[in-house]
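Counting begins at 1 with the first residue of the sequence.
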Amino acid sequence: MSESVFHERQRLELCAVHALNNLLQKPEFSQQRAEEICRGLAPNSMINPHRSLLGTGNYDVNVIMAALQTMDYAAVWWDKRRSLESLVPSEIFGFILNIPSPVSLGFLSLPITRKHWIAVRQIDGVYYNLDSKLKAPIKLGGTKELKEFLHGCMSRGSCEILLVVGRDVEDARLWIRTEEQAAT
């Protein structure tokens, strides 16, 4: 693993915050900033629908998308019916995935899963799984290994993939090959 890879570890239910920071490779977002985004998304709500009732995090996709917008990025939902071969990884800043994650109490694993946000990003030409529940980032490799990882996540069940791209890339749809481009 590259010594220059930033990796925040899981705390409370702050996986969305950790995924954002791991994607950005710096501690840009805090629980306080995520809470401010939540209040902005639902200013008149007594109970905020974008986070845990307990105030421990568990932020939804709207918080992630709003946070990325403050950094001039856009989150594009990946249509899982499409082939991963139509992705243009060189135009994609990174990926945020919402995956099932086992629940445990100490050493006891429970037979249930919860949704968990993770980041995947290329750093120094290598893609890394920057999951905050890992002790350290896992080196995936190149584009082929990235697509294998994404395919594996999708094949294991309920998984959502957000492509994180610059606004210009989103506007021009540079993150995806058209059918005409794929045929050539």
Side-chain angles (χ1 to χ4, degrees), residues 7-24 29 31 34 37-38 41-42 45 47-69 73-89 92-122 127-141 143-165 170 173 175-177:
H7 182 246
E8 264 184 12
R9 298 281 313 278
Q10 184 72 23
R11 189 174 66 81
L12 300 173
E13 293 180 295
L14 299 177
C15 57
V17 171
H18 301 313
L20 286 163
N21 290 339
N22 289 340
L23 181 81
L24 297 168
F29 291 95
Q31 183 175 9
I37 291 170
C38 280
L41 291 170
S45 296
I47 297 173
N48 196 300
H50 303 289
R51 66 172 178 81
S52 165
L53 290 172
L54 303 175
T56 54
N58 199 22
Y59 302 107
D60 73 9
V61 69
N62 298 292
V63 175
I64 289 174
M65 293 175 96
L68 288 169
Q69 288 173 355
Y73 289 106
V76 178
W77 286 97
W78 175 247
D79 181 347
K80 295 179 286 190
R81 295 171 297 185
R82 291 185 181 268
S83 166
L84 290 170
E85 294 308 311
S86 61
L87 284 176
V88 182
I92 300 169
F93 179 72
F95 303 83
I96 294 181
L97 285 69
N98 194 238
I99 61 171
S101 180
V103 176
S104 60
L105 296 172
F107 294 109
L108 177 64
S109 290
L110 301 177
I112 57 173
T113 60
R114 292 188 61 187
K115 299 299 257 171
H116 175 63
W117 296 107
I118 69 168
V120 174
R121 161 126 187 242
Q122 187 180 47
Y127 285 97
Y128 287 90
N129 174 354
L130 301 166
D131 183 347
S132 59
K133 286 188 174 183
L134 298 171
K135 287 186 187 305
I138 294 178
K139 181 179 176 178
L140 300 175
T143 302
K144 176 180 177 259
E145 291 81 12
L146 166 70
K147 290 178 181 177
E148 288 170 356
F149 175 79
L150 295 174
H151 180 74
C153 288
M154 289 188 305
S155 69
R156 282 191 290 279
S158 178
C159 168
E160 299 298 331
I161 299 176
L162 297 175
L163 314 178
V164 179
V165 298
E170 177 194 31
R173 293 183 52 87
W175 51 269
I176 191 165
R177 283 185 188 80

Quick one: do Val88 and Trp175 satisfy side-chain contact (heavy atoms from CB on, under 4.5 Å)? Show the steps, please.
CA-CA 5 Å; Val88 182; Trp175 51 269; 5.5 Å; no

Taking the side chain as C-beta and beyond, is there a heavy-atom pair between Ile64 and Leu162 under 4.5 Å?
yes

Closest non-hydrogen atom pair between Trp78 and Ser83, with its separation:
CZ2-O, 3.4 Å

Return the SG to CG distance between Cys159 and Leu97, rounded to the nearest 0.5 Å.
4.5 Å

Mind checking whether Leu163 and Leu87 have side chains closer than 4.5 Å, heavy atoms only?
yes

If you define the side chain from C-beta out and look only at heavy atoms, does anything of Val76 sit under 4.5 Å from Ile92?
no

Which residue in the set Ile99, Leu130, Leu134 passes side-chain contact (heavy atoms from CB on, under 4.5 Å) when paired with Ile118?
Ile99

For Lys135, salt bridge (charged side-chain N to carboxylate O under 4.0 Å, His left out) partners two or more places apart:
none

In Å, rounded to the nearest 0.5 Å, how long is the span from CZ of Arg121 to CG of Leu24?
7.5 Å

List the steps and the verdict of side chain to side chain donor-acceptor pair (under 3.5 Å) for Asn129 and Asp131.
CA-CA 6 Å; Asn129 174 354; Asp131 183 347; 5.1 Å; no

Measuring from Glu160:CD to Ile96:CD1, what's the distance to the nearest 0.5 Å?
13.5 Å

Nearest-0.5 Å distance that lies between atom OH in Tyr128 and atom CG in Leu23
15.0 Å

When you compare the side chain of Tyr127 with that of Thr143, does any pair of heavy atoms fall below 4.5 Å?
yes

Would you call Cys15 and Lys115 a side-chain contact if the rule is heavy atoms closer than 4.5 Å?
no

May I have the step-by-step check of side-chain contact (heavy atoms from CB on, under 4.5 Å) for Val17 and Trp117, ending in yes or no?
CA-CA 9 Å; Val17 171; Trp117 296 107; over 6 Å; no

Donor-acceptor contact below 3.5 Å, side chain Arg177 vs main chain Glu85
yes

Rounded to the nearest 0.5 Å, how far apart are CZ of Phe29 and CD of Glu8?
11.5 Å

Looking at CD of Glu145 and CG of Leu140, how far apart are the two atoms once the value is rounded to the nearest 0.5 Å?
8.0 Å

Val164 side chain reached by Phe95 side chain, heavy atoms, under 4.5 Å
no

Aromatic centroids of Phe93 and Tyr73 separated by under 6.0 Å
yes

Using side-chain heavy atoms (C-beta onward) and a distance below 4.5 Å, is Gln122 in contact with Leu146?
no

If you define the side chain from C-beta out and look only at heavy atoms, does anything of Arg82 sit under 4.5 Å from Ile176?
yes

